[in-house]
Q: 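Attaching a single structure in structure tokens format; questions to follow.
Counting convention: from 1, in listed order, for ligands and their atoms alike.
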Amino acid sequence: MVTPQAVLEELKKVKYPGFNRDIVSFGMVKDIEVGSMGVNIILAPTTAREDVLQQIHDAVTATVRQMPGVAAVEVTVTAPEQPQRRMQQGPTGVPGVTHVIAVASGKGGVGKSTVAVNLALALIGLGKRVGLLDCDVYGPSVPLMLGLKERPKSTEDRRIIPLHKYGLTVISLGLFVEDHTPIIWRGPMINKLLTQFLREVDWGELDYLVLDLPPGTGDAQLTIVQQVPLSGGVIVTTPQDVALLDVKRGITMFQQVKAPVLGVIENMSYHICSGCGERAEIFGHGGGEAMARQFDIPLLGEIPLVRDVREAADAGKPLVLTQPDHPQSQAFRSIAARLVAEVAAHPAQVLPTIH
Ligand SMILES: Nc1ncnc2c1ncn2[C@@H]1O[C@H](COP(=O)(O)OP(=O)(O)OP(=O)(O)O)[C@@H](O)[C@H]1O
Ligand SMILES: [Mg+2]
């Protein structure tokens, strides 16, 4: 007969869906009973998502069943623990914040952080009070784009004081992760940091809090958007990647948390020559528009590809501020105005925040 230790060792081979870590290291395995009738494994759920739990259930059953000497396997998933109960009641809002908007992308490198930063600043230009929460723990691109280096301080009662730049209230998770933290640990750290930052940061009174999500629309991103009631989500894409599937996944992710998709932003939509100002549609044009029509969501705008934006980003001085008349800055301003209108068009999603 097998021993519970042998079963536990075997379960270390079962990966948590979407993660590189196994279910044992996630603390999911609560008990293993080996009896004459077979093996009974008790799992504590770490997610409310039925499809993920089913996947884990099936993988555990298959893994243990193939062990020599195992006649039958039963997998029991216990009642959800505290976090799930909280989830069922719905996540609570961020103190002082009226609207939380998440910026997502199916792929990395499409310009999500560039959009999040410039959009946030354009919203300030419209007279809104705006915060930016950079949820990317893999590379501190937002601090770089805004020229921020210092780590936020905390008050005596352990509230975190956010950084302020160009009128924007900013917190970047990347600033709290030590440089030597291995990549595989960064993902799981996001949620712990995020829960803390959503509730323990002194955001002040904000009309909008923009979340710059890590690239992708998988479980990790879903867990983030589950933590707070969103007024809506925005999906950034590029013409090369007018990957319908990517946008569809983004829409599905926001639907899962019952947040409206406020629209798609097509970045690097066409090229504007920094010398002559000529416009060239090097990747073809109209993809974003066609996609928006297909999914029946607004195309919030198209942002040109220009060399200046990268230079502005690298210098920590976003283009919206340094060159307000630039076509790209105009694009960001018009997107910001459109976004405000879309948020107003979905008032049912505005949940009360707890002060
Ligand atoms: N419209 C644009 N024109 C020119 N360069 C751009 C434009 N948008 C983004 N970039 C540049 O492309 C690079 C990637 O942009 P950014 O970091 O915003 O992407 P991201 O989607 O946030 O990436 P990640 O997936 O790593 O988070 C940066 O160097 C940025 O300056
Ligand atoms: Mg980014």
Q: Just checking: Ser113, one of its N/O/S atoms, less than 2.8 Å away from the Mg ion (ligand 2), yes or no?
A: yes
Q: Could you tell me whether ligand 1 has any atom less than 4.0 Å away from a heavy atom of Pro304?
A: yes
Q: Where does Arg307 meet ligand 1, judged by heavy-atom distances below 4.0 Å: at the side chain, the backbone, both, or neither?
A: neither
Q: Is any side-chain heavy atom of Gln328 closer than 4.5 Å to a side-chain heavy atom of Ile303?
A: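 The answer is yes, as the side chains (C-beta and beyond) meet within the 4.5 Å cut-off.
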Q: Could you tell me the residue and atom name of the protein heavy atom closest to atom 9 (C) of ligand 1, and the distance to it rounded to 0.1 Å?
A: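 Ranking protein heavy atoms by distance from atom 9 (C) of ligand 1, first comes Thr114 OG1, 3.4 Å.
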Q: Examine Val115 against ligand 1 and note whether any of their N/O atoms are separated by less than 3.5 Å.
A: no
Q: May I ask you to check whether Ser141 has an N/O atom sitting below 3.5 Å from an N/O atom of ligand 1?
A: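 So ligand 1 has no N or O lying under 3.5 Å from an N or O of Ser141.
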Q: Would you check if Asp136 and Val142 make a side-chain contact, meaning some heavy-atom pair closer than 4.5 Å?
A: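 No, too far: nothing below the 4.5 Å cut-off.
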Q: Using a 4.5 Å cut-off on heavy atoms from C-beta on, say whether the side chain of Val7 contacts that of Val29.
A: no
Q: Count the heavy atoms of every other residue, nucleotide or ligand shown that sit under 6.0 Å from CZ of Arg310, and state whether that count exceeds 12.
A: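 No, because the 6.0 Å sphere around CZ of Arg310 holds 12 heavy atoms or fewer from other groups.
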Q: Can you name the one residue among Val234, Leu133, Val130 that meets side chain to side chain contact (heavy atoms under 4.5 Å, CB included) with Val210?
A: Val130
Q: Leu305 versus ligand 1: do any nitrogen or oxygen atoms come within less than 3.5 Å of each other?
A: no
Q: Just jot down the ligand 1 atoms closer than 4.0 angstrom to any heavy atom of Gly109, in number order.
A: 19 (O), 20 (P), 21 (O), 23 (O), 24 (P), 25 (O)
Q: Please write down residue, atom name and distance for the protein heavy atom closest to atom 2 (C) of ligand 1.
A: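 For this ligand atom, the closest protein heavy atom is Val309 CG1, 3.4 Å.
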Q: Check step by step if side chain to side chain contact (heavy atoms under 4.5 Å, CB included) holds for Asn118 and Val320.
A: CA-CA 6 Å; Asn118 284 284; Val320 172; 3.0 Å; yes
Q: Any idea which atoms of ligand 1 are less than 4.0 Å away from a heavy-atom of Asp136?
A: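 Answer for ligand 1: 27 (O).
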Q: Which is it for Asp314 and ligand 1 at heavy atoms under 4.0 Å: side chain, backbone, both or neither?
A: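 Within the 4.0 Å criterion, Asp314 makes no contact with ligand 1.
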Q: Any idea which atoms of ligand 1 are less than 4.0 Å away from a heavy-atom of Gly108?
A: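 In order of number, 25 (O).
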Q: Identify the protein heavy atom lying closest to atom 8 (N) of ligand 1, giving its residue, its atom name and the separation to 0.1 Å.
A: Asn267 ND2, 2.9 Å
Q: So which protein heavy atom does atom 12 (O) of ligand 1 come closest to, and at what separation?
A: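 The protein heavy atom lying closest is Met268 CE, 3.9 Å.
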Q: N/O to N/O below 3.5 Å, does that happen between Lys107 and ligand 1?
A: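 It does not: no N or O of Lys107 is found under 3.5 Å from an N or O of ligand 1.
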Q: Side chains of Val170 and Pro162: does their closest heavy-atom pair fall under 4.5 Å?
A: no
Q: What's the verdict on side-chain hydrogen bond (donor to acceptor under 3.5 Å, both in side chains) for Asp134 and Ser113, showing C-alpha distance, side-chain angles and the deciding distance?
A: CA-CA 8 Å; Asp134 166 23; Ser113 301; 5.4 Å; no
Q: Less than 3.5 Å between some nitrogen or oxygen of Ser113 and one of ligand 1, yes or no?
A: yes
Q: Among all protein non-hydrogen atoms, which one is nearest to atom 20 (P) of ligand 1, and what is the separation to 0.1 Å?
A: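 For atom 20 (P) of ligand 1, the nearest protein heavy atom is Lys112 N, 3.3 Å.
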Q: Looking at CG of Leu222 and CZ of Phe254, how far apart are the two atoms once the value is rounded to the nearest 0.5 Å?
A: 10.0 Å
Q: Within a strict 4.5 Å, meaning less than it, do heavy atoms of the Val100 and Pro229 side chains meet?
A: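 Side chain of Val100 against side chain of Pro229, heavy atoms only: no contact under 4.5 Å found.
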Q: Does the side chain of Gln55 pick up a donor-acceptor pair with the side chain of Asp51 at under 3.5 Å?
A: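 No, Asp51 and Gln55 have no side-chain donor paired with an acceptor closer than 3.5 Å.
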Q: Just to be sure I read this right, does ligand 1 sit under 4.0 Å from the backbone of Met145, its side chain, both, or neither, counting only heavy atoms?
A: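 The part of Met145 near ligand 1 is the side chain, not the backbone.
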Q: Shortest non-hydrogen contact from Gln221 to Pro215?
A: NE2-O, 2.7 Å
Q: What protein heavy atom lies closest to atom 11 (C) of ligand 1? Include the residue and the distance to one decimal.
A: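 That would be Arg310 CG, 4.0 Å.
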